[in-house]
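I have placed the structure first, in the form of structure tokens, so that the comments after it can refer back to it.
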Amino acid sequence: MEEDNNWESEVAAFKRNMNAIRLSVNLDLSEDVNFEDADGNIDAGKLVQKWFPVKEYDVFISHSHADKENAVSFAVWLQKHLGLKVFVDSTVWGYSEELLKELDDEYCFNQESGTYDYNKRNGTTAHVHLMLAMTLQEMINKSECFIFMNSSNSLSLLLNQQLKTKSPWIFEELKTTIIIGKIPPTRSTYLEELRRRHGDNMQNFAKKDLNIIYPVSPELNKLAQLTTRNLKEARTYYGKNKFKMHGLDVLYSRTSLKISD
């Protein structure tokens, strides 16, 4: 996926847009919004709504934090060449630790000893991570397409040929793709393009296939393989077709995607 002369500026613009979302929701717990009820209980609904807002995107990119720059570049490519709205979670929700720090300072810090209460910190960590995990699931469910960036940073291959990940978040996201199932889009152009390329016998489409490690081979086997060649073909077709199919429909037609399980 070669770059053009405006590539760096487009990547910078994407990052600015993502950062603007982040700044718009990064609220001080003591200001602007009262997250506590009359009994002093924190309203998780309000907290999630402000810190982890859920919006609709075409594509959700799952990736290792070490591959953040590549994920952003890929998102810009999909946006530029296929007209897709892409969500890269690390650019928006990477500040969950900031929320955790605010909660810890407010509810777990002992002024006299200058230390944090271990048991209380376990509680705040569990709450924040649960809120983030649930919001990730909702975002994946709202996005039509889930793309996982396979790299040596995200996956490792053990001696038994089983793929594993050390990231609990990657594990959670891949597991979510199986839990929520697959919902074929209702756009007629998607089905028409698949039938044009493969005929009516579409039921025979084949699926293509750490300190703490999580097995992810079953989840990955549920995803269709997406290669650089597929992306280049999709870009070319999307740029030339006159009736302007949706970018995702073009992308689907270039893979071995099975539209229903």
Side-chain angles (χ1 to χ4, degrees), residues 1-26 51-101 129 132-133 135-136 139-140 142-157 163-174 176-177 210-211 213-214 216 219-220 223-235 238 247-248 251 254-255:
M1 294 181 291
E2 60 275 8
E3 301 176 2
D4 55 38
N5 295 331
N6 297 323
W7 187 256
E8 290 186 1
S9 62
E10 292 176 5
V11 170
F14 182 90
K15 289 181 178 179
R16 285 196 298 271
N17 289 338
M18 293 294 99
N19 191 53
I21 296 175
R22 177 180 187 232
L23 293 176
S24 70
V25 301
N26 189 6
W51 280 80
F52 308 120
V54 174
K55 298 182 180 180
E56 292 191 6
Y57 290 83
D58 295 313
V59 178
F60 182 103
I61 296 181
S62 175
H63 63 94
S64 166
H65 184 74
D67 295 327
K68 177 180 176 180
E69 291 302 314
N70 288 336
V72 169
S73 293
F74 184 40
V76 173
W77 191 94
L78 291 171
Q79 178 179 281
K80 177 182 177 66
H81 296 295
L82 295 178
L84 301 176
K85 189 177 180 183
V86 184
F87 182 78
V88 182
D89 63 344
S90 61
T91 62
V92 179
W93 292 340
Y95 55 86
S96 60
E97 296 303 314
E98 296 176 21
L99 171 59
L100 184 57
K101 180 67 163 58
H129 286 179
L132 179 56
T135 310
L136 281 170
M139 277 296 303
I140 291 172
K142 283 182 174 291
S143 300
E144 180 178 319
C145 179
F146 175 92
I147 295 180
F148 173 68
M149 292 188 66
N150 185 344
S151 77
S152 58
N153 294 318
S154 58
L155 295 178
S156 59
L157 185 63
L163 288 169
K164 310 284 185 178
T165 181
K166 293 181 180 179
S167 168
W169 296 112
I170 287 178
F171 175 69
E172 192 267 342
E173 290 168 3
L174 289 173
T176 297
T177 65
L210 6 161
N211 297 324
I213 56 175
Y214 301 86
V216 292
E219 289 75 19
L220 291 173
L223 303 178
Q225 184 179 355
L226 182 62
T227 66
T228 300
R229 179 179 177 179
N230 298 146
L231 292 168
K232 288 182 177 179
E233 290 177 349
R235 176 185 62 186
Y238 183 79
L248 283 177
L251 200 60
R254 264 57 196 171
T255 71

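- The two atoms that bring Ala75 and Phe14 nearest to each other are CB-CZ, 3.7 Å, heavy atoms only.
- Contact between Phe74 and Leu231 at its shortest, heavy atoms only, is CE1-CD1, 3.6 Å.
- For the pair Leu163 and Leu220, the minimum side-chain heavy-atom distance is below 4.5 Å.
- A donor-acceptor contact shorter than 3.5 Å links the side chain of Asp58 to the backbone of Lys85.
- Scanning all heavy atoms of the two residues, the minimum distance from Tyr57 to Met139 falls at CD1-CE, 3.5 Å.
- The only option from Glu10, Glu69, Glu8 that meets the salt bridge (Lys or Arg N to Asp or Glu O under 4.0 Å) definition with Lys15 turns out to be Glu69.
- Nearest heavy atom pair, residue Arg254 against residue Glu233, reads CG-OE1, 3.5 Å.
- Residues meeting the salt bridge (charged side-chain N to carboxylate O under 4.0 Å, His left out) test with Lys101, sequence neighbours left out: Asp105.
- For Leu82 against Ala234, the heavy-atom pair with the smallest separation is CD2-O, 3.6 Å.
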For this session: Show your working on side chain to side chain contact (heavy atoms under 4.5 Å, CB included) between Val216 and Leu155 and close with a plain yes or no.
Result: CA-CA 9 Å; Val216 292; Leu155 295 178; 3.6 Å; yes
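- Side-chain atoms of Asn70 and Ser73 form no donor-acceptor pair, as typed in the model, at a separation below 3.5 Å.
- Note that the NE2 atom of His81 and the CG atom of Leu251 stand 13.0 Å from one another [nearest 0.5 Å].
- In plain terms, the two heavy atoms of Lys80 and Trp7 that are nearest each other are CD-CZ3, 4.2 Å.
- Every side-chain hydrogen bond (donor to acceptor under 3.5 Å, both in side chains) that Glu144 has, sequence neighbours left out, goes to Arg187, Tyr252.
- Between the Ser62 side chain and the Phe146 main chain, no donor and acceptor come within less than 3.5 Å of each other.
- Looking at residues two or more places apart in sequence or on another chain, you find no ring pair (Phe, Tyr, Trp, His ring centres under 6.0 Å) involving His65.
- Residues satisfying the side-chain hydrogen bond (donor to acceptor under 3.5 Å, both in side chains) test with Asp67, not counting sequence neighbours, are Ser151, Asn153.
- Partner Phe148 forms a side chain to side chain contact (heavy atoms under 4.5 Å, CB included) with one of Leu226, Ile61, Leu223 and no other, that one being Leu223.
- In this view, Ala133 and Trp169, Glu172 satisfy the side chain to side chain contact (heavy atoms under 4.5 Å, CB included) rule, not counting sequence neighbours.
- Put simply, the side chain of Ser143 never gets that close to the backbone of Ile140: no donor and acceptor are under 3.5 Å apart.
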Exercise. How far apart are the C-alpha atoms of Ile147 and Leu78, what are their side-chain angles, what is the distance that settles it, and do they pass the side chain to side chain contact (heavy atoms under 4.5 Å, CB included) test?
Worked result: CA-CA 11 Å; Ile147 295 180; Leu78 291 171; 4.2 Å; yes
For this session: Take Leu84 and Leu248 through the test side chain to side chain contact (heavy atoms under 4.5 Å, CB included) and record every step on the way to the result.
Result: CA-CA 7 Å; Leu84 301 176; Leu248 283 177; 3.7 Å; yes
